[in-house]
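Notes follow the structure.
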Amino acid sequence: MARANDEVSALFQEYADLISITGGDAFRARVYEKAARAIGGHHADVSQLDVKGLQEIPGVGKSIAEKVIEYLGSGRVSAVEELRARIPAGVRRLTTIPSLGPRKALMLYEELGISSIDELADAIHEERLRDLKGFGPRTEEKLLHGIDLLRASGRRVLVDVATDLAEEVVAALSEVSGVQRCEYAGSLRRGRETIGDIDVLVTARRAGPVMRAFTELPYVSEVIAHGEKKTSVRTDRGLAVDLRVVPPDSWGAALLYFTGSKAHNIRVREIAVHQKLKLSEYGLFDAESGKKIVSRTEEDVYARLGLPWIPPTLREDRGEIEAGLRDELPDLVTEADVRGDLHTHTDLTDGLASLEDMVAAAAERGYAYYAITDHGPDLYMQRMTDERMLAQRERVHKLKAKRMRLLHGVELNIAPDGGVDWPEEFLDGFDLCVASVHSHFDQGRAALTRRLVRACENPYVNIIGHPTTRLIGKRPPIDADLDEVFAACARTGTALEINAHPDRLDLGDEHILRAKRHGVRFAIDSDAHAVPHLANLRHGVATAQRGWLTKDDVINTWTLTRLRRFLRKGRS
DNA sequence: GCCGTTTTCGGCCCGACTGTTTTCAGTCG
């Protein structure tokens, strides 16, 4: 069962799309889009709010609040139903085809009765689009190609794949003569958990050479658009890359614009408009004279608008503008703040590297402490026993790591009833215990909630590992009442993990925001099963930043003394 | 439909590229 906020958010997003398709007021569509986002990201459960409470959500006025109430009461909103009756759901699906927007989708439906992607493909093959205004032969080609792409994949990719490609592109373009600066921006710079395409920004006096070099990169499979200032390509990695070239002194304004998010940009530009200014990727200008005011750095642009520099990971219009205006932006946790990794594996269970190799690699990263947490015996395939675990502890105690303290821990398995692998006497021998759900994902909401809460109440469980167990794009999160779990964590002194593996990133940013409001502490862990995985921590840190976390929120930025006190969890 | 340092009405971000247009609409980010 989805959270009421998510259901309402999806409904208003649909309504906004339907307004656009039916040619309704574009501003009205935008208002519903904004409200959808605001409600989706709102901390409080909208099903517990009245009209007045709802109207306190930014972008929600009387009319939208009443629609929320209507939906919660009856499961439907008559205004939405009316548009649904006019426009089949398949028409909205048409707009997921690249290059096909709401206007053309409506024309296809009204003129030709096309209401699904299959029907559109048939109509093109039967040459029925030929008489339609605005649809020429190139458009037909593009639509067919767009349909192929959509059917092939068209999905977002994980952040590690995108990071690798982005770094390759930036390295290659930085070598081109005449290129002064080159960086990736977009959702990757904002640290989003999945990436739809990569945006690369270059400053150069002449764009030609770098554009040419870009389209000739070996992994470019297709050039989508090729202009003087902007070029878009598809790559054989399943990701599109946009390159934008701007004059050197536009760097700051361009980086701000190209980093987004779209919603953040709109807010910032609105602030500019209110000050009789105009902000574009070329700079901040006086609206009347057109004279450029600032553009060299992001700091310059924000400062002229009365804002501090806003970290890219916060730029989602989730309150960062308001916080910035009040000068109350959080001092975000950074990778350099992390003093140790508290969830890692070795080849004693399903890791690939030896204890010694993992510890050496961790020391190399400059950690002050490092926990080894192999799987407990309840994950049967790992063949863990008391003897093997105690023997590992001996090895850990004997192993000397330069300036780094080793902690011997375990990743326990949270059983369907909330119990864990060992009794308290045995758990007492560990420096810390991570506990995670690895099976029975479909118990139902009440049972899963009880299961996690009971794990929190175990006095030896310090960290709930990958709390929702989702695998991005593969396995959905478990259905538990997370607010109840968050409250239990705060009450019992149990930290929630931000698992930094790119497949997981669990908790995700929105859950982190909610958990933080409950007063929960977090651990950013790599869950490394091999030496290279230790470096995944950066993705966990980015996710933590997106959840507005500071050093103080994250237990593995603390000194060992403070961490040990937390790990005692009120035990004597 | 929302909102307010141009306030209760009249605005609502801005520019690049494409394809089909003879001057611009649609789409995208």
I need the CD-P distance between Q275(A) and dG4(B), as an integer number of Å. 15 Å
Is K474(A) paired with D503(A) through a side-chain N to carboxylate O contact shorter than 4.0 Å? yes
Heavy atoms within less than 4.0 Å of DNA chain B: which residues of residues 115-134 of chain A have one? Give them sorted by number. G134(A)
Atom P, compared across dG1(B) and dT7(B): separation rounded to whole Å: 24 Å
Hey, does the side chain of T139(A) come within less than 4.0 Å of dT20(B)'s phosphate (OP1/OP2), counting only N and O? yes
May I ask you to decide if the ring planes of Y302(A) and H264(A) are parallel, tilted or perpendicular, using 30° and 60° as cut-offs? perpendicular
dC13(B) OP1/OP2 closer than 4.0 Å to side-chain N/O of Y282(A): no
Any ion pair linking R30(A) and D25(A) (charged N to carboxylate O, less than 4.0 Å)? no
Just do the side-chain hydrogen bond (donor to acceptor under 3.5 Å, both in side chains) check on Y32(A) and Q13(A) with the steps written out, would you? CA-CA 7 Å; Y32(A) 278 99; Q13(A) 183 58 57; over 6 Å; no
Between dG15(B) and dG10(B), how many Å separate the two C1' atoms, rounded to a whole number? 24 Å
In short, side-chain hydrogen bond (donor to acceptor under 3.5 Å, both in side chains) pairs touching residues 90-110 of chain A with sequence neighbours left out are D17(A)-R92(A)
What's the separation between atom CG in L158(A) and atom CG in L505(A), rounded to the nearest 0.5 Å? 8.0 Å
Take E270(A) and I266(A) through the test side-chain contact (heavy atoms from CB on, under 4.5 Å) and record every step on the way to the result. CA-CA 6 Å; E270(A) 280 171 355; I266(A) 290 175; 3.6 Å; yes
Would you measure the distance from the P atom in dT6(B) across to the matching atom in dC2(B) and give it in whole Å? 23 Å
Generate the contact string for nucleotides 22-29 of chain B. Rules: B means base contact, S means sugar-phosphate contact only, - means no protein heavy atom under 4.0 Å. ----SSSB
How do Q55(A) and K278(A) order along DNA chain B: which one's closest nucleotide is nearer the 5' end? Q55(A)
